[in-house]
Novice: 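Encoded as structure tokens, here's the structure I'll be asking about.
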Protein chains: 2
Amino acid sequence: MMAKQAPFPHRPARPSIIAGQLTELLKTLQPGERLPGELTLSQQFGVSRNTVRDALAALQHDGAVVRQHGQGTFKAAARVPLHASLNRMLPVPELIRQSGYTPGVQNLILATEPADEDTALALGIEPGQSTRTIEMLYMAGEQPAVQIRYTLSPALLRAVPDWADFTPQEGVLGFIVRHWPGAVSHSSTQISAVLATQEMARPLNVAVGAPLLRFMTLGIGIDGTALYRNVSYQSGEFLDVHILRPV
Amino acid sequence: MMAKQAPFPHRPARPSIIAGQLTELLKTLQPGERLPGELTLSQQFGVSRNTVRDALAALQHDGAVVRQHGQGTFKAAARVPLHASLNRMLPVPELIRQSGYTPGVQNLILATEPADEDTALALGIEPGQSTRTIEMLYMAGEQPAVQIRYTLSPALLRAVPDWADFTPQEGVLGFIVRHWPGAVSHSSTQISAVLATQEMARPLNVAVGAPLLRFMTLGIGIDGTALYRNVSYQSGEFLDVHILRPV
DNA sequence: CAGTGGTCTAGACCACCGA
DNA sequence: CGGTGGTCTAGACCACTGC
């Protein structure tokens, strides 16, 4: 016991600090090499074993280390390259950045429209209720990467009514998080494949009839209600989208 | 202190037991209704607050409850329906079952082939090394759902040499986990959209040129090496694949 | 057997919320 | 202010591994 806290309040959570330091340590190790034991690490960093374990669990989660019961923790043999990961919600520009491209935007369209039946069902509102739509084309460098169309729920518009200073560069998710921190909980994305129609083909610079990835995402608020829906199309050529998942 | 353990060793981890009991409790609540506080729950279940928190975190993770700092834990307003979720690694038949269909198999082909350059690179082996391939067509009820082709690494074949009692019904992942528990750590899946070629179109019962989802998955072992690779094609019509992800 | 990671506990302090 | 969830600690016991 005697749970003395650190002299300063811990803004960046302790485990993530430790994880950072462990990442540095990992750079000095060969793949397959063993790390010090949890007890040793906890003494070295001056934190409890639980905190070290949290840090190691995070590193294990994204494949940086490998842990085996009676043996130890080892630097992973081959780290899976995580280009654009679907494991966490990320604003689209951030996704493009993680893929190694410079994000850009074209054809931004904002409008206020009544919800059609499909959207209303997804958002849990009445058809015809007024919604804000945002449509844009994200670029990866010079190349069009993602065509995306958001529909914002009335609830979201009530909470964040002023979209005057919205910039596509931070993305819709980024904007919401900045104006209403803690509002978004998670998202549910459905994936499908479609053929490019004329109106998608032009902006995305692909042939009509080319195969496109379609993502239909529902943004869920902390109270469990739908905050927004978006439908995006991409050729997949520029965003190499990955999912990393545990057994 | 005084960390008295339960009278019996805890095979199913305590938090998951608690999570199950909490799920029962949730059924008696209305959406939005508050759960008892963590302290109360920990006393009720006779476990520590940390254990209750682990259970609640799990429920929160799949969207069953919503937690707000100074306020409490609430039953989620609308639970996201999780058909076939890509959040964890699952054998394909299990995925089909979760979508509400009865899984079946057709056209099982096993062969031993030298690795082509592409596969060798993915598996981290030399081109031409001998690999086992498994190719099959999974059915969702009467309808063809997923065409999938596995390539097993030599390392996996050394560890699990006997595939005589492999049944497609349990899936390749299921078979590996049964024969070599703890061997698989996670997987990395890359998603793309393609047009059905003649050879895919026939078994999947779609038109040539129809849009198909293509999943390229690399199975990673606990030591970080690649255990298998698979490429699967599906029309997406029968497997409504979802990803749930946190902010 | 000693050392490792895996699990759980009891308790402390913190930050946040509503009355 | 009291109650809530969020964080971290110190320490116990367990299960697994290799010597």
Novice: Phosphate oxygens OP1/OP2 of D/dG18: is one of them under 4.0 Å from a side-chain N or O of A/Gln71?
Specialist: yes
Novice: Using modelled atom types and a 3.5 Å cut-off, is there a donor and acceptor pairing between side-chain atoms of A/Thr51 and backbone atoms of A/Val47?
Specialist: no
Novice: Just compare D/dT7, C/dG6, C/dC16 and give me whichever is closest to any side-chain atom of A/His69.
Specialist: C/dG6
Novice: Indicate whether OP1 or OP2 belonging to C/dG6 is found under 4.0 Å from a side-chain N or O atom of A/Arg53.
Specialist: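 So the side chain of A/Arg53 is within the cut-off, an N or O lying under 4.0 Å from OP1 or OP2 of C/dG6.
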Novice: At less than 4.0 Å, is any side-chain N or O atom of A/Arg49 found next to OP1 or OP2 of C/dT4? Yes or no.
Specialist: no
Novice: According to the interplanar angle, ranging from 0 to 90°, do the rings of B/Phe175 and B/Trp163 count as parallel (below 30°), tilted (30 to 60°) or perpendicular (above 60°)?
Specialist: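 Tilted, since the angle between the ring planes falls between 30° and 60°.
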Novice: Between B/Glu113 and B/Arg149, does any side-chain N to carboxylate O distance fall below 4.0 Å?
Specialist: yes
Novice: For A/Asn50 and A/Gly72, take the nucleotide of DNA chain C holding the closest heavy atom to each; which residue's nucleotide lies nearer the 5' end?
Specialist: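 The residue whose closest nucleotide sits nearer the 5' end is A/Gly72.
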Novice: Round to a whole Å and report the spacing from CD of B/Gln43 to C1' of D/dG3.
Specialist: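 Answer to the nearest Å: 13 Å.
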Novice: Rounded to the Å, how far apart are A/Ile17 CD1 and D/dT9 P?
Specialist: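 Roughly 11 Å, once rounded to whole Å.
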Novice: In whole angstrom, give the distance that lies between atom CZ of A/Phe74 and atom P of D/dG18.
Specialist: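 It is 9 Å, rounded to the nearest whole Å.
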Novice: Check whether any side-chain nitrogen or oxygen of A/Thr73 sits under 4.0 Å from OP1 or OP2 of C/dG5, and answer yes or no.
Specialist: yes
Novice: Is B/Lys75 salt-bridged to B/Glu33, going by a charged N under 4.0 Å from an acidic O?
Specialist: no
Novice: Please state how far atom CZ in B/Phe45 lies from atom P in C/dT9, giving the value in whole angstrom units.
Specialist: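 It works out to 13 Å between those atoms.
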Novice: Side-chain N or O of A/Arg67 versus OP1/OP2 of C/dG6: is the shortest distance under 4.0 Å?
Specialist: yes
Novice: Roughly how many Å is it from CD in B/Glu38 to C1' in C/dA12, rounded to a whole number?
Specialist: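 Value for this atom pair: 15 Å.
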Novice: Between B/Leu41 (CG) and D/dG3 (C1'), how many Å, whole number?
Specialist: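 It works out to 14 Å between those atoms.
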Novice: Round to a whole Å and report the spacing from CD1 of B/Ile18 to P of C/dC8.
Specialist: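 Result: 9 Å.
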Novice: Given D/dG5, C/dT9, D/dT9, identify the nucleotide with an atom nearest to the side chain of A/Ser48.
Specialist: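 So the nucleotide nearest the side chain must be D/dT9.
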Novice: Does B/Asp165 come within less than 4.0 Å of B/Arg178, counting only side-chain N to carboxylate O?
Specialist: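 Between B/Arg178 and B/Asp165 there is a salt bridge, with a charged N closer than 4.0 Å to a carboxylate O.
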Novice: Using only side-chain N and O atoms of A/Arg14, determine if any of them is under 4.0 Å from OP1 or OP2 of D/dT9.
Specialist: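 Checking D/dT9 against A/Arg14, a side-chain N or O does come within under 4.0 Å of OP1 or OP2.
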Novice: For the pair made of CG in B/Leu39 and P in C/dA12, what is the distance, rounded to whole Å?
Specialist: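 Rounded to the whole Å, the gap is 12 Å.
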